[in-house]
Amino acid sequence: MKVIRSQEFTAQRAWGAMDIANMKGITTRLHWTDQPYKWHINDGEEVFVVLDGEVEMFYREAGVARSVSLGVGDIFYAAVGTEHVAHPKGEARILVIETEGSV
């Protein structure tokens, strides 16, 4: 049993994470960041939930770059093959559910 107070979590570096669970190869991790990530495509699907802060999520559909602003409680789902990058606006805490070892 765990109780995690996400708003109290910080990391030593941007995108530092706390492992919460690994359910048959699907990881759930809490991330803290104040810096953009990098453009990437996950090995599988990804669920990205903003728990604290704001994030501008950039993604490409059919080669066209788009973006969406995500606030607390918003969820971004990246299907297999979705190229994307998260840019926090200040500090953000994010719950990420994805295949273990994914970028």
Side-chain angles (χ1 to χ4, degrees):
M1 205 284 303
K2 287 183 190 178
V3 174
I4 299 163
R5 309 275 185 214
S6 63
Q7 292 188 348
E8 296 172 5
F9 176 68
T10 58
Q12 298 291 333
R13 59 179 174 78
W15 295 100
M18 173 194 301
D19 293 329
I20 296 172
N22 184 326
M23 298 170 287
K24 298 182 181 182
I26 304 299
T27 61
T28 302
R29 303 177 84 202
L30 173 60
H31 290 269
W32 173 90
T33 191
D34 61 355
Q35 299 294 316
Y37 197 59
K38 59 184 177 182
W39 279 99
H40 66 286
I41 298 172
N42 294 78
D43 296 334
E45 299 162 290
E46 176 184 332
V47 175
F48 181 103
V49 184
V50 178
L51 299 177
D52 186 43
E54 291 183 58
V55 175
E56 187 77 15
M57 181 65 80
F58 296 87
Y59 58 98
R60 290 192 177 113
E61 286 184 321
V64 177
R66 303 178 189 281
S67 74
V68 62
S69 183
L70 304 171
V72 174
D74 289 339
I75 301 168
F76 178 83
Y77 169 73
V80 174
T82 303
E83 189 176 12
H84 58 288
V85 61
H87 286 243
K89 298 176 183 178
E91 290 188 24
R93 288 167 183 84
I94 300 146
L95 189 72
V96 176
I97 304 163
E98 63 189 351
T99 304
E100 182 177 18
S102 192
V103 176

About how many Å separate CG of Leu51 and CG of Leu95, when rounded to the nearest 0.5 Å?
-> 5.5 Å

Going from CD1 on Ile94 to CZ on Phe76, what distance comes out if it is rounded to the nearest 0.5 angstrom?
-> 12.0 Å

Within the distance-only criterion (no hydrogens, no angle test), does the side chain of Trp15 pair as donor or acceptor with the backbone N or O of Gln35 below 3.5 angstrom?
-> yes

Is Val55 linked to Val72 within one hydrophobic cluster, defined over Ile, Leu, Val, Met, Phe, Trp and Tyr using a side-chain heavy-atom separation of less than 4.5 Å?
-> no

Is there a donor in the side chain of Ser67 and an acceptor in the side chain of Glu56, or the other way round, less than 3.5 Å apart?
-> yes

State yes or no: do Trp39 and Leu70 share one hydrophobic cluster built from I, L, V, M, F, W and Y residues joined by side-chain heavy-atom distances below 4.5 Å, directly or via other members?
-> yes

Non-hydrogen side-chain atoms of Val47 and Glu45 separated by less than 4.5 Å = no

Is a donor on one side and an acceptor on the other found under 3.5 Å between the side chain of Asn22 and the backbone of Gly25?
-> yes

Verify the cluster assignment for Val96 and Phe58: are they in a single hydrophobic cluster under the rule of side-chain heavy atoms below 4.5 Å apart?
-> yes

Is a side-chain N or O of Thr33 found less than 3.5 angstrom from the main chain of Ala92, in a donor-acceptor match?
-> no

Would you check if Trp32 and Glu91 make a side-chain contact, meaning some heavy-atom pair closer than 4.5 Å?
-> yes

Out of curiosity, His31 NE2 to Met18 CE, how far, rounded to the nearest 0.5 Å?
-> 11.5 Å

Ser102 side chain reached by His40 side chain, heavy atoms, under 4.5 Å = no

Arg66 side chain to Tyr59 main-chain N or O, any donor-acceptor pair under 3.5 Å?
-> no

Quick check: does any side chain N or O of Lys2 sit under 3.5 Å from a backbone N or O of Ile20, one acting as donor and the other as acceptor?
-> yes

So which heavy atom on Ala86 is nearest to which on Phe48, and how close?
-> CB-CZ, 3.8 Å

When you look at Asp19 and Thr27, which way does the side-chain contact (heavy atoms from CB on, under 4.5 Å) test go after all the steps?
-> CA-CA 8 Å; Asp19 293 329; Thr27 61; 5.9 Å; no

Across all chains, not counting sequence neighbours, the side chain to side chain donor-acceptor pair (under 3.5 Å) partners of Glu54 are none

His84 NE2 to Glu61 CD distance, which is reported to the nearest 0.5 Å | 13.0 Å

For the hydrophobic clusters of this structure (ILVMFWY residues joined by side-chain heavy atoms under 4.5 Å, transitively), does one cluster hold both Val49 and Met57?
-> no

Nearest-0.5 Å distance, CG of residue Asp34 to CZ of residue Arg93 | 10.0 Å

For the student: nearest non-hydrogen atoms of Ala11 and Gly16, plus distance | CB-CA, 3.6 Å

Hey, quick one: are Ile97 and Tyr77 part of the same hydrophobic cluster, counting side-chain heavy atoms closer than 4.5 Å, chains of contacts allowed?
-> yes

With rounding to the nearest 0.5 Å, note down the distance linking CD1 in Ile41 to CD in Glu46.
-> 12.0 Å

